[in-house]
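Source: prediction; values computed, not measured. Numbered from 1 within each chain, the chains take letters A, B, ... in sequence-line order.
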Amino acid sequence: MYRTHTCGELRAAHAGQTVTLAGWVHNVRTFGGVIFLVLRDRYGITQIVSNPETFPDAHKVIAEAKAEWVLQVTGAVKMRPSDQFNPKMATGEIEVEAQTVVVLNQSKATPIVVSRDEDENEDIRLRYRYLDLRRERMTHNMVLRHKVVKFMRDYMDEHGFIEVETPILFKATPEGARDYLVPSRIHPGHFYALPQSPQQLKQLLMVAGMDRYFQIARCFRDEDLRGDRQPEFTQLDLEMSFVQRDDVLALVEDLYTKMLAAVTPHKRLLASPWPKLSYREAVERYGTDKPDLRFGMELVDVSAVFAGSGFKVFQSALETGGVVKCIVAPGCAGFSRKDVDALTESAKGLGAKGLATLALTAEGLKGTAAKFVSEAEAEAVKARSGAREGDLILFAADERAVVNKVLGGLRVILRDKLGLAEKDVMAFAWVVDFPMFAWNEEEQKWDAEHHPFTMPKMDDLPKFETNPAEILSDAYDMVCNGYEMASGSIRIHRSDIQRKVFQLLGLSEEEIERKFGHMLEAFEFGAPPHGGMAPGIDRLVMLLADEPNIREVIAFPKNQAGRDVMADAPAPATEKQLKELHIAIVEK
RNA sequence: GGUCCCGUGGUGUAGCGGCCUAACAUGCGGCCCUGUCAAGGCCGAGAUCGCGGGUUCGAAUCCCGUCGGGACCGCCA
């Protein structure tokens with residue numbers, strides 16, 4: 001071993017001991033004579049002190065050392081003078097007097113300064129990610145992530161789950177996200193697909209009688225990236241046999257509740273037990289199926305108030321079967337023209353034709369809708385919405401779905417603008433009773449809202465023939481602070497129902513056999529009732545670490561264009577590789 | 001596929017038509033300094049302003065294109 005202790009563990013109690021540390025030079029402060037050098041490793045930082053008179057050989061080496069050199073330092077742990085304790089350092093009561101110093105490696109001047117958390121362009125951080133990761137913030141994130149995963153593994157083990165690995169090279173799934181394909185050398189023109197999730201495999205493990213399965217599973221989806229979306233990400237994938245919806249929810253709720261207390265005790269749950277909303281309720285009250293419940297500002301339906309309105313915008317929306325809804329921005333009656341214009345632009349970006357506002361000022365009604373709204377209508381809106389003087393009411397009038405989306409989006413924008421959400425509150429909640437199918441206007445066909453293996457509500461089975469849009473499913477999402485954190489369902493375990501779903505999705509008999517024959521066949525060999533869930537780990541750690549995007553909690557993430565800027569991937573393949581894979585590149 | 005924002009020494013910013021022979025901070029190099037801890041002081045090196053084209057007497061600054069980065073919409077069962 002190169003060391004007896006880490007740079008984070010020496011305390012007053014170690015005073016008098018001779019120790020050896022190894023780590024990186026965090027910074028150096030020279031005083032002509034005495035030199036202070038701070039040594040860093042994953043565990044922390046420790047001050048090394050060197051004096052030319054006491055240990056001249058060590059001093060010579062220390063005097064040469066630059067930032068990020070790797071040193072091995074042996075010396076005595078000494079108490080600092082009591083008026084020189086550094087309360088900002090965990091090791092701030094002691095220092096190590098360098099007696100022997102070995103340079104294990106030197107370092108060029110680094111493109112980013114490791115000892116400081118400066119907010120560089122992310123590009124440069126990613127290019128030198130191994131330096132970025134040396135920083136305390138990133139080290140902390142990696143450790144936190146490890147603790148989260150460790151807690152999950154332990155919890156699952158204690159509750160009878162076994163971790164089973166499933167293939168990364170598997171088969172393309174026709175629905176859902178775009179697949180990453182891997183060409184087969186042995187089978188020309190044939191491709192494996194990387195799993196979007198181990199969905200089929202974990203269900204087959206249930207058929208196999210594994211009863212309780214989990215996996216810290218990497219998932220791959222070839223779609224455009226976002227701050228909370230990477231092409232590869234990690235899920236706690238889990239599946240259970242002989243359970244109903246609430247059994248799964250209860251287990252995961254318990255896991256997360258205990259994990260939060262163990263890993264990030266400074267975070268508070270908004271409510272326990274977690275609120276449970278139906279999909280419909282979530283969308284109508286918050287305008288989204290992943291509501292941020294840390295604050296109110298719920299959507300209020302005021303269609304009835306404006307049934308006879310002279311305001312053309314409202315009138316025409318209502319006449320064509322639409323709705324008028326509003327949200328109340330507290331204390332925002334004084335918003336400037338510029339503020340309101342910005343909100344209007346946002347609303348248009350979300351699909352609105354415009355935005356009607358009503359400011360409740362001491363001088364009466366103001367805002368774009370003021371001259372079209374009667375006193376009685378304003379009073380009725382106030383009564384329904386709880387708006388008071390000083391508030392700004394934002395109206396959207398359109399098709400129901402558009403209105404919900406627009407106001408839901410504005411609700412989040414106002415949250416950030418007004419600072420309405422506390423960062424240490426974790427507003428976990430369940431969204432349940434999702435529709436089974438959604439009509440795909442573009443392709444004129446039904447899509448599975450969750451995935452095609454989701455169990456429809458048994459009571460809704462007759463609607464397959466009459467009204468598929470009304471079929472609800474036993475699918476559920478875990479949401480937190482405006483993010484979708486997990487998604488799951490009770491699965492179909494009967495091949496007849498599975499077949500019905502595939503048929504409704506427009507798959508031909510031939511396609512069903514070719515793409516899902518193995519699943520249907522498995523269900524004919526005694527598949528148990530089962531269900532599960534797949535909580536996302538990246539987003540969870542992002543929230544727990546107070547980070548603005550998931551790249552900050554992934555060691556080596558891709559940038560927005562899906563590139564690894566450190567290794568420069570993806571990269572062209574060689575002629576030889578392409579030939580072996582039977583692939584020809586076609587220039588556009 | 002679309003919308004918006006950004007691109008100036010190693011890093012982060014300022015400059016936004018002539019005062020720029022490009023400023024400041026930090027980092028880097030040298031010197032001084034024996035108790036600092038974002039140490040301090042002095043000196044120094046370091047950018048033809050992402051790239052290409054255009055407008056202009058004159059472009060870091062305006063316009064067009066392009067490349068790179070970010071946020072968002074579409075997409076993400």
Side-chain angles (χ1 to χ4, degrees), chain A residues 26-38 45-54 59 63 66-68 78 80-81 83-89 91-92 95 97 107-128 131-132 173-179 196-197 199-200 219-231 233 342 345-346 348-351 405-406 409 412-413 416 434-438 440 442 445-454 473 475 484 487-489 501-502 505 534 536 548-549 551 559-561 563 565:
Chain A
H26 194 61
N27 72 26
V28 193
R29 296 179 292 274
T30 315
F31 289 82
V34 69
I35 297 175
F36 297 101
L37 179 152
V38 177
I45 54 178
T46 300
Q47 176 163 288
I48 310 297
V49 64
S50 170
N51 200 298
E53 279 108 45
T54 40
H59 191 79
K66 313 274 185 226
E68 303 309 314
K78 297 202 160 174
R80 298 186 188 190
D83 60 334
Q84 289 183 19
F85 286 180
N86 186 343
K88 285 184 280 186
M89 291 170 71
T91 59
E95 59 194 1
E97 185 181 45
S107 171
K108 296 198 293 183
T110 52
I112 60 174
V113 180
V114 174
S115 58
R116 265 179 235 189
D117 193 3
E118 293 181 322
D119 214 8
E120 298 90 358
N121 284 339
E122 210 177 326
D123 202 27
I124 194 105
R125 292 177 54 208
L126 291 180
R127 185 141 52 218
Y128 298 98
L131 296 179
D132 189 37
T173 46
E175 293 224 20
R178 198 174 293 113
D179 287 305
Q196 295 177 27
S197 80
Q199 183 59 38
Q200 296 185 31
C219 305
F220 305 88
R221 294 177 191 178
D222 187 4
E223 297 292 349
D224 286 354
L225 289 75
R226 285 287 191 286
D228 63 347
R229 269 167 31 195
Q230 282 271 307
F233 59 98
E345 279 313 302
S346 300
K348 284 180 179 167
L350 291 160
K405 187 177 170 198
V406 168
V412 171
I413 289 167
D416 297 336
F434 278 78
M436 180 78 194
F437 302 104
N440 184 330
E442 220 168 283
K445 70 182 193 65
W446 292 102
D447 283 343
E449 178 77 28
H450 182 52
H451 59 58
F453 308 106
T454 300
S473 73
E484 180 190 314
S487 156
S489 64
V501 171
F502 286 144
L505 292 175
N549 66 63
R551 282 173 252 123
N559 72 4
Q560 192 166 65
R563 280 163 31 96
V565 294

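- Note: CG (A:Asn51) to P (B:C33) measures 15 Å, nearest angstrom.
- The base-pairing partner of B:A59, taking Watson-Crick or G-U wobble contacts with both distances under 3.5 Å, does not exist among the strands shown.
- With both ends at atom C1', the span from B:G40 to B:G35 equals 13 Å, rounded to whole Å.
- Residues satisfying the ring pair (Phe, Tyr, Trp, His ring centres under 6.0 Å) test with A:His451, not counting sequence neighbours, are A:Phe453.
- In this structure, the CD atom of A:Glu122 is 16 Å from the P atom of B:U11, given to the nearest Å.
- Checking A:His59 against A:Ser50 by side-chain atom types alone, a donor-acceptor pair falls below 3.5 Å.
- A gap of 39 Å separates the P atoms of B:G29 and B:G17, to the nearest Å.
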Between the protein and nucleotides 37-45 of chain B, are there any N/O to N/O pairs under 3.5 Å, and if so, what are the atom names and distances?
| residue | atom | partner | partner atom | Å |
| --- | --- | --- | --- | --- |
| B:C37 | O4' | A:Arg29 | NE | 3.2 |
| B:C37 | O2 | A:Asn86 | ND2 | 2.9 |
| B:C37 | N3 | A:Arg80 | NH1 | 2.7 |
| B:C37 | N4 | A:Gln84 | O | 2.6 |
| B:A38 | OP2 | A:Lys88 | NZ | 3.0 |
| B:A39 | OP2 | A:Asn27 | ND2 | 2.9 |
| B:A39 | OP2 | A:Arg29 | NH1 | 3.0 |
| B:A39 | N6 | A:Thr30 | O | 2.8 |

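- Among residues two or more places apart in sequence or in another chain, the salt bridge (charged side-chain N to carboxylate O under 4.0 Å, His left out) test is passed with A:Asp132 by A:Arg125, A:Arg129, A:Arg135.
- Ion pairing between A:Glu122 and A:Arg551 holds under the 4.0 Å rule for side-chain N and carboxylate O.
- Judged by distance alone with a 3.5 Å cut-off, a donor-acceptor contact links the side chain of A:Asp224 to the base of B:G74.
- Residue A:Asn559 is in sugar-phosphate contact alone, with no base atom involved, counting any heavy-atom pair closer than 4.0 Å across all strands shown.
- Rounded to an integer number of Å, the gap from A:Glu484 CD to B:C76 C1' is 9 Å.
- The P atoms of B:C64 and B:C24 are separated by 33 Å, rounded to the nearest whole Å.
- For the pair A:Lys78 NZ and B:G35 C1', the interatomic distance rounds to 13 Å; values are reported in whole Å.
- Among the heavy atoms of the strands lying under 4.0 Å from A:Lys405 are primed sugar atoms or P, OP1, OP2 only; no base atom is included.
- Under 4.0 angstrom from either OP1 or OP2 of B:A71 there lies at least one side-chain N or O belonging to A:Arg551.
- The nucleotide B:A71 finds its pairing partner in B:U3, both defining distances of the Watson-Crick or G-U wobble pair being shorter than 3.5 Å.
- Of the C1' atoms belonging to B:A23 and B:G69, the separation is 25 Å, rounded to the nearest Å.
- Sequence order on RNA chain B of the closest nucleotides to A:Ala561 and A:Leu350 puts A:Ala561 first from the 5' end.
- Atom CD in A:Glu118 sits roughly 6 Å away from atom C1' in B:U26 (whole-Å rounding).
- Looking at residues two or more places apart in sequence or on another chain, you find a salt bridge (charged side-chain N to carboxylate O under 4.0 Å, His left out) between A:Arg563 and A:Asp568.
- Taking A:Arg226 as the reference, nothing meets the salt bridge (charged side-chain N to carboxylate O under 4.0 Å, His left out) condition, with sequence neighbours excluded.
- Under the ring pair (Phe, Tyr, Trp, His ring centres under 6.0 Å) criterion, A:Phe220 pairs with no residue at all, not counting sequence neighbours.
- Taking the side chain as every heavy atom from C-beta outward, A:Arg80 and A:Gln47 approach each other to under 4.5 Å.
- Looking at heavy-atom distances under 4.0 Å, A:Ile124 makes contact with sugar-phosphate atoms alone, never a base.
- A:Lys348 is linked by a salt bridge (charged side-chain N to carboxylate O under 4.0 Å, His left out) to nothing, counting only residues two or more places apart in sequence or in another chain.
- Across all strands shown, B:C20 forms no Watson-Crick or G-U wobble pair with both key distances under 3.5 Å.
- Across the P atoms, B:U61 and B:C51 are found 10 Å apart, a figure rounded to whole Å.
- The CG-P distance, from A:Asp132 to B:U11, rounds to 14 Å in whole Å.
- Taking atom CG of A:Leu126 as the reference point, atom P of B:G68 lies 16 Å away to the nearest angstrom.
- With hydrogens and angles ignored, a donor-acceptor pair under 3.5 angstrom links the side chain of A:Glu95 to the base of B:G35.
- Note on A:Ser197: a base of the nucleic acid sits closer than 4.0 angstrom, heavy atoms only.
- For the P atoms, the distance from B:C49 to B:C5 is 23 Å, rounded to whole Å.
- Residues A:Arg563 and A:Gln196 each lie close to RNA chain B; by heavy-atom proximity, the contact nearer the 5' end of the strand is made by A:Arg563.
- For the C1' atom pair drawn from B:G10 and B:A47, the interatomic distance equals 11 Å after rounding to whole Å.
- For a distance-only test at 3.5 Å, the side chain of A:Arg125 fails to qualify as a donor-acceptor partner of the base of B:G69.
- Residue A:Arg229 places its side chain closer to B:C76 than to any other of B:G68, B:G29, B:C76.
- When both distances must be under 3.5 Å, the Watson-Crick or G-U wobble mate of B:C49 does not exist.
- In the set B:C72, B:U11, B:A71, B:A71 carries the atom at the smallest distance from any side-chain atom of A:Gln560.
- Under the rule for a side chain to side chain donor-acceptor pair (under 3.5 Å), A:Asn559 has no partner lying at least two apart in sequence or in another chain.
- Side-chain atoms of A:Thr454 and A:Met436, non-hydrogen and from C-beta on, do get closer than 4.5 Å to each other.
- Residue A:Pro111 is classed as a sugar-phosphate contact, given heavy-atom separations below 4.0 Å to backbone atoms only.
- Counting only heavy atoms from C-beta outward, the side chains of A:Asp228 and A:Glu484 never approach each other to under 4.5 Å.
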Could I get a table of every N or O pair under 3.5 Å where one atom is in the protein and the other is in nucleotides 2-5 of chain B?
none

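- Among the heavy atoms of the strands lying under 4.0 Å from A:Gly227 are primed sugar atoms or P, OP1, OP2 only; no base atom is included.
- B:G69 atom P lies 15 Å from atom CG of A:Asn549, rounded to whole Å.
- Across the C1' atoms, B:G50 and B:U8 are found 10 Å apart, a figure rounded to whole Å.
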